[in-house]
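Okay, so here's the structure we're looking at.
What you are looking at is a predicted structure, and each value in this text was computed from that prediction instead of being measured.
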There are 2 protein chains.
Amino acid sequence: MPPPIPPPVPRLSDVARAAGTSPITASRALRAPDQVAPATRARVEAAARALGYVPNLLAGALASARTHTVGVLVPTIASSIFAATINGLTSVLEEAGFAILLAQSGYDPAREARGLAALLGHRPEGVVCIGAPLSPASAAMLAAARRAGTAVVETWEIPDAPIGAAVGFDNHAVGRAVAAHFAAAGRRRLVFAGGTDPRAAARSAGFAAGARDAGLPAPARLRLPVPAAMDNATEACRTDPRLATADAVFAATDIHAMGLLTGFRALGRAVPDAVAVVGLGDLDLARHTQPALSSVRIDGDAIGRRAAALILEGGGDPPPRIDLGFTLIARASG
Amino acid sequence: MPPPIPPPVPRLSDVARAAGTSPITASRALRAPDQVAPATRARVEAAARALGYVPNLLAGALASARTHTVGVLVPTIASSIFAATINGLTSVLEEAGFAILLAQSGYDPAREARGLAALLGHRPEGVVCIGAPLSPASAAMLAAARRAGTAVVETWEIPDAPIGAAVGFDNHAVGRAVAAHFAAAGRRRLVFAGGTDPRAAARSAGFAAGARDAGLPAPARLRLPVPAAMDNATEACRTDPRLATADAVFAATDIHAMGLLTGFRALGRAVPDAVAVVGLGDLDLARHTQPALSSVRIDGDAIGRRAAALILEGGGDPPPRIDLGFTLIARASG
DNA sequence: ATCCCGAATGACAGCGCTACCATCAACGGT
DNA sequence: ACCGTTGATGGTAGCGCTGTCATTCGGGAT
């Protein structure tokens, strides 16, 4: 049996022929309806519907130099901490008729560079990254893309020298605020537990600075693998002596914080009496842990929406650096 | 000041000129290196690097009819229940050099149809959906795309008449299994709590069937808004009398289940003594709730990887229906 | 020496669409 | 009656790349 020949996909010229117009008029009838006579438009629309015509956006993009595509580069979508940002971002962009090209770095510089190159090959009109690029190669590609007119927005941190716009918050200040919070509560043996990514590092540095300002000993720095997993934090409670003596732990994400609650419970260390725990992200689950989790609230949805808005206006000129702030929500855990 | 003229993006012909070859040879040097003499290849690669050349994949796709793009249509990425699937899917596809186009339906049929049309306009080589299409319009578009050669995979359920391939599990059987589990533990007043999506509905129907088989009264069916949010389930404990008298609740996702734990705690109803709770998804957090959450484990990562593999082989012929099964993990909550 | 073959390279056309400019009819002001 | 103006439509060219041939050339088999 010969392989079945797939039926040809209808093209604009097919629609035009069926509607009795030229291809260009059919194109306008679909894209700019008020530039064609109502009767013509109706014929074209009917023909398109009858044929099941789906415009080839690739060809349109090539001809018009407008791709209506935005690239999104995230460390991982498996960790719920960024989900709200991606959600806000895509909601706005889809509404505006943009398609989303997704790439993940997995916190790996080489993978990030590969993914970014693939993104840029599709000539997106904008690129939104969560975090600054991990490698000089990525940064160079982004900078070149920006020079060529691509809007670039970094989120979740505000680098000293952003490539384009930046929408985020001050991770260093977050660390200081949490340290001050612990100090005010009389805690003294602080620990920072978090990933190895630059944002966690900034929080850690701020945490240390805040402890110093409050006259406390330097906090311990516990490195946990990325992407964040609850079990890793739980495991650390068993294996890391610094957690056994801590009286306050700042976890770089609520994911880690929840894992710590489990670990401390297993150890018989009462939260918050023996040890306080504060997370970051204020995920839904923070209100549902036992005890309820104190957390630094980040409005991830707002970050995403703001980043999308910036893309839609071409990245801003000059590209703004927007600090959306944070709020320390004190609950039962410390 | 006149608007700054962006520098032109280097094209293949620029690379070719710099390397002293024809464009077509430069193209081959980059895509099929072993068809080009080593010396030539080296010159082209050097030129590309020096110019910062990024191939225009749109133009390449138009010319070759290979887009190296896969569309992914999900209800929402905000709910972590699908994160593992998207993760597995994208890992495999990125590895194979495919770009991911993401669209969300938000559980809304109209939005799904719009998003799907936008996806198909980019002529993806495959489309992966989480769930079957919500509307006949979406189904028709997918069926047409499949006839035209696009691989189509539905996941997380196995429809009676899939459009293309299907990778998932039997949601109805899940419901039966949980009902049997509750019956064996002597529970009698069952409640199903979940969203209004087809998969939750199938679980609910199976749950009812299982209860009937065990000689139990028909379970109550509690409808919670989608996408799943913990707080909605917690709130339902306060407001819905059926939860006040239930002795076993099957929540359609672990998200809801965790919200129920909080709600029951507030009500003073002990879990599992007064009421058992079983979730679905076996998310990380199931091991970290208090009490630890019993859950139906779904291997979301495997679903994603399998779906990706099917896309890479063109959807399979005939398109397979793959049941990856599930496991009921009994923990402390029931 | 002849022939053939494969390796390396190139010319040409075209993917499906849209930007740009041209055309043409209908119309109102003078 | 003339002319500019507006609204509707169409022709042409080209976006940047690759499929499909065609061409060239050196070297081993005969």
Quiz prompt | A165(A) versus G315(A), closest heavy-atom pair with distance | solution = CB-O, 3.7 Å
Self-check item: Nearest atoms (heavy-atom pairs only) where T21(A) meets R43(A)
Solution: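 So the two residues come closest at CG2-NH2, 3.6 Å.
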Practice problem: Scan V127(B), V153(B), V92(B), L89(B) and name whichever one has a side-chain contact (heavy atoms from CB on, under 4.5 Å) with I311(B). | Solution: V153(B)
With rounding to the nearest 0.5 Å, note down the distance linking [atom1] in [X] to [atom2] in [Y].
X       : Y       : atom1 : atom2 : answer
I77(B)  : Q104(B) : CD1   : CD    : 5.0 Å
I303(A) : T85(A)  : CD1   : OG1   : 5.0 Å
R28(A)  : T40(A)  : CZ    : OG1   : 11.0 Å

Quiz prompt | Sugar-phosphate or base contact per nucleotide [nucleotides 5-13 of chain C; S, B, -; heavy atom under 4.0 Å] | solution = ---SBBB--
What's the [atom1]-[atom2] distance between [X] and [N], to the nearest Å?
X       : N       : atom1 : atom2 : value
R66(A)  : dG14(D) : CZ    : P     : 23 Å
D14(A)  : dC15(C) : CG    : P     : 12 Å
H122(B) : dC17(C) : NE2   : P     : 13 Å
L30(B)  : dT18(D) : CG    : P     : 8 Å

Close N or O pairs between protein and nucleotides 23-28 of chain C (under 3.5 Å):
none

Table of protein N/O atoms under 3.5 Å from nucleotides 25-27 of chain D N/O atoms:
none

Under-3.5 Å N/O pairs linking protein and nucleotides 15-17 of chain D:
| residue | atom | partner | partner atom | Å |
| --- | --- | --- | --- | --- |
| dC15(D) | O2 | A63(A) | N | 3.3 |
| dG16(D) | OP2 | R11(B) | NH1 | 3.1 |
| dG16(D) | N2 | A59(B) | O | 3.3 |
| dC17(D) | OP1 | Y53(B) | OH | 2.5 |
| dC17(D) | OP1 | N56(B) | N | 3.4 |
| dC17(D) | OP2 | L12(B) | N | 2.5 |

Quiz item: With T25(A), which residues qualify under side-chain hydrogen bond (donor to acceptor under 3.5 Å, both in side chains), at least two apart?
Solution: S22(A)
Practice problem: Not counting sequence neighbours, which residues clear side chain to side chain contact (heavy atoms under 4.5 Å, CB included) with S64(A)? List them please. | Solution: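 Per chain and number, S64(A) pairs via side chain to side chain contact (heavy atoms under 4.5 Å, CB included) with R66(A).
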